[in-house]
Amino acid sequence: MSPFRIAILASGGGTNLQSIIDSRQAGTLSVEIALVISNNPTAGALQRAQQAGIATLCINHRDYTSREEFDHALVDALKAAEVDLVVLAGFMRIITDVMLDAFPQRIINIHPALLPAFPGLHVQQQAIDYGARFSGCTVHFVDGGVDTGPIIVQAVVAILPDDTASTLAERILEQEHRIYPQAIQWIAEGRVTINGRTVIVTGADGPETALINPVK
Ligand code: GRF
């Protein structure tokens, strides 16, 4: 059987990309990372990919006059690489119908909050400011909205009394690095189906026990 091919799109440091590379090397993720694309020429993600011997491409959104034109360039590169799944990992561009139509139900994203709470940016600070007791991270299919697509898997992280946005972000990232490779593996195994807003993961265990914060 030909390997399941993924592309990863990242704008920043690329720790999620690294967790995907590491899971592949550890043998818990059986996919081919065909291509890493960044819109940011200085993205750490590009360096991480190059170090791992993965093909990289910088498509700078500043070189395009519209979001659609930029997305056409993405689609051309992704089609040329023959990818089965597009993985957004800290990709700081809003994608348009050009991408969604080219890869229907084949684009996933990770968001550092428990959606539908706190979509958008600076969400760790928002969760703290709101007084939430828990936040976490969400892997979801991408649809036409911002962080609105069907949810594949979530991990819950307790918010501690002295948390700052950065301490909370760090603990959430640890969980992102667990659930994102796992979700990709499920999709590669053909175990993930979408029924309206509900995502079914065939044969998955869980959930873990309920959490309470504070406890006593
Ligand atoms: C992560 O928190 C991810 O959830 C969000 O952007 C951040 C990317 O981090 N979408 P990294 O570049 O993978 O380290």
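First listed ligand is number 1; within each ligand, the first listed atom is number 1.
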- Note on the structure: heavy-atom search around atom 4 (O) of ligand 1 in the protein gives Glu176 OE1, 2.8 Å
- Message: Could you work out, for atom 12 (O) of ligand 1, the closest of Gly90, Gly14, Ala113, Ser11 by heavy-atom distance?
- Response: Gly14
- Between Asp147, Ile20, Asn16, Ile110, flag the one that comes closest to atom 10 (N) of ligand 1 by a heavy atom. Ile110
- Note on the structure: Atoms of ligand 1 under 4.0 Å from any heavy atom of Pro112, numbered from 1 in the order shown, are 2 (O), 4 (O), 5 (C)
- Numbered in order shown, the ligand 1 atoms found under 4.0 Å of a heavy atom of Gly13 are 12 (O)
- Closer than 4.0 angstrom: is that true for some heavy atom of Ala10 and an atom of ligand 1? no
- Message: Consider side-chain contact (heavy atoms from CB on, under 4.5 Å). Of Ile8, Ile20, Leu57, which one does Val36 pass it with?
- Response: Ile8
Looking only at side chains, do [X] and [Y] share a donor and an acceptor under 3.5 Å apart?
X	Y	value
Asn39	Ser11	yes
Arg48	Gln51	no
Gln50	Thr56	yes

- Query: How far apart are the C-alpha atoms of Leu100 and Asp97, what are their side-chain angles, what is the distance that settles it, and do they pass the side chain to side chain contact (heavy atoms under 4.5 Å, CB included) test?
  - Reply: CA-CA 5 Å; Leu100 293 168; Asp97 284 346; 3.7 Å; yes
- Item | Nitrogen or oxygen of Ala89 less than 3.5 angstrom from that of ligand 1 | no
- Query: Taking N or O atoms only and a 3.5 Å limit, does Thr15 qualify as a polar contact for ligand 1?
  - Reply: yes
- Query: Can Thr148 and Leu115 be said to form a side chain to side chain contact (heavy atoms under 4.5 Å, CB included), step by step?
  - Reply: CA-CA 8 Å; Thr148 52; Leu115 293 171; over 6 Å; no
